[in-house]
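Below: one structure, written as structure tokens.
Note: hydrogens, waters and symmetry copies are ignored here, and every other heavy atom, side chains too, is used.
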Amino acid sequence: MVTGPAGPAAAAMAAALALVPAAVAHHGDVASDGSSAYQFSTAADYQPVRDGHVPQAVTYAPGLVPPGARVAVRQRVSEGAMTVELRVRGVAPERTYGAHAHTRPCGPDPADAGPHYQNVVAPPGHSSDPAYVNPDNEVWLDITADGAGEGASRSEHAWTFRPGQARSVVLHTHGTQRHGDPGQAGQRLACFTVDFAPRG
């Protein structure tokens with residue numbers, strides 16, 4: 001697992017996606033050994049819930065994630081492993097946001113996105129057990145915004161999402177705790193509904 005700045009690749013991805021107000025791109029491939037490979041990317045502008053309509057990217061805290069701030073996600077899958085990249089632009093600058101893949105789509109309530117996606121699901125009574133709540137078993141994408149409110153991160157795993165069980169990326173108020181009460185990152189500020197591959 002690698003979590004951190006996504007570098008030039010994420011910058012190029014974000015630049016391409018910024019050309020349109022919202023984008024979804026899918027690309028399937030076959031590797032030289034015959035295994036399947038898949039790339040998926042999507043981007044949108046955060047907007048508040050209005051008249052019951054939940055946008056693809058919803059902000060619950062306009063002071064930190066203003067309407068019009070942009071988010072982009074890219075997932076690459078190959079040989080049973082995956083990389084997930086996150087980029088934001090236009091959020092409150094000079095701060096670190098916790099970010100994770102969640103199990104359900106965004107809704108009008110921040111809690112609607114459900115819990116963190118876990119590769120090995122914690123059994124009842126183990127919701128804060130670091131054996132399950134850690135950046136290897138979950139997809140943590142903490143992101144630090146620069147002075148312009150831009151930032152990027154990447155998470156790499158030797159597994160892929162179960163079809164249909166990873167549905168969003170949620171931004172939180174602070175970086176994710178690794179000790180004490182692992183996985184906690186404060187209030188849910190914004191949510192981006194993402195139909196991660198594979199979907200079955």
Report task. Could you walk me through whether Thr83 and Arg74 pass side-chain contact (heavy atoms from CB on, under 4.5 Å), step by step? Result -> CA-CA 8 Å; Thr83 299; Arg74 178 166 66 178; over 6 Å; no

In terms of heavy-atom contacts, Asp181 and Ser128 come closest through OD1-CB, 3.9 Å

So Ser153 and Trp140, do their side chains get closer than 4.5 Å, heavy atoms only? no

side-chain hydrogen bond (donor to acceptor under 3.5 Å, both in side chains) filter on His126, not counting sequence neighbours, yields Asp129

Which of Leu86, Val65, Thr59, Asp45 passes side-chain contact (heavy atoms from CB on, under 4.5 Å) with Val71? It is Leu86

In terms of heavy-atom contacts, Gly107 and Val58 come closest through O-CG1, 4.4 Å

d(Met82 CE, His157 NE2) to nearest 0.5 Å is 5.5 Å

### Message
Do Val77 and Val169 sit in one hydrophobic cluster, given that two such residues count as connected whenever their side-chain heavy atoms are within less than 4.5 Å of each other, even indirectly?
### Response
yes

- Query: Do Gln75 and Val84 have side-chain heavy atoms sitting under 4.5 Å apart?
  - Reply: yes

Query raised in the report: Yes or no on side-chain contact (heavy atoms from CB on, under 4.5 Å) for Arg104 and Asp112, after CA distance, side-chain angles and deciding distance?
Result: CA-CA 7 Å; Arg104 295 200 291 269; Asp112 290 337; over 6 Å; no

### Query
Side chains of Arg70 and Val88: closer than 4.5 Å at any heavy-atom pair?
no

Handout entry: Chi angles and distances behind the salt bridge (Lys or Arg N to Asp or Glu O under 4.0 Å) call for Arg87, Glu85
Key = CA-CA 7 Å; Arg87 188 171 182 91; Glu85 297 174 4; over 6 Å; no

One should read off an interatomic distance between Phe196 CZ and Thr42 OG1, to the nearest 0.5 angstrom, of 9.5 Å

Problem set entry | Under 3.5 Å: donor-acceptor pair, side chain of Asn137, backbone of Val120 | yes

So CG of Asp195 and CZ of Phe161: to nearest 0.5 Å the spacing works out to 12.0 Å

The reported gap from CD in Gln165 to OG1 in Thr103 (rounded to nearest 0.5 angstrom) is 8.5 Å

* Asked: Can you check whether Phe40 reaches Val194 side chain to side chain, under 4.5 Å on heavy atoms?
  -> yes

Check your understanding: Any link between Val49 and Tyr46 through a network of hydrophobic side chains (Ile, Leu, Val, Met, Phe, Trp, Tyr) touching at under 4.5 Å?
Key -> no

For residues 91-100, which side-chain donor-acceptor pairs fall under 3.5 Å, sequence neighbours excluded?
| from | atom 1 | to | atom 2 | distance (Å) |
| --- | --- | --- | --- | --- |
| Glu94 | OE2 | Gly147 | N | 3.2 |
| Arg95 | NH2 | Thr173 | O | 2.7 |
| Thr96 | OG1 | Thr144 | OG1 | 2.8 |
| Tyr97 | OH | Leu64 | O | 3.4 |
| Tyr97 | OH | Ala92 | N | 3.1 |
| Tyr97 | OH | Ala92 | O | 2.8 |
| His100 | ND1 | His116 | NE2 | 3.2 |
| His100 | ND1 | His172 | NE2 | 3.2 |
| His100 | NE2 | Thr176 | OG1 | 2.7 |

Can you give the donor-acceptor pairs under 3.5 Å from side chains of residues 183-192 to other protein atoms, not counting sequence neighbours?
| from | atom 1 | to | atom 2 | distance (Å) |
| --- | --- | --- | --- | --- |
| Arg188 | NH1 | Pro110 | O | 3.1 |
| Arg188 | NH1 | Gly114 | O | 3.1 |
| Arg188 | NH2 | Gly114 | O | 3.0 |

* Asked: Looking just at side-chain N and O atoms, do Arg162 and Tyr117 make a donor-acceptor pair shorter than 3.5 Å?
  -> yes

request  = State, yes or no, whether a side-chain contact exists between Gln56 and Cys106 at a heavy-atom distance under 4.5 Å.
outcome  = no

Quick one: are Trp159 and Asp136 in side-chain contact, heavy atoms under 4.5 Å?
no

Quick check: do Tyr38 and Thr160 have side-chain heavy atoms less than 4.5 Å from each other? no

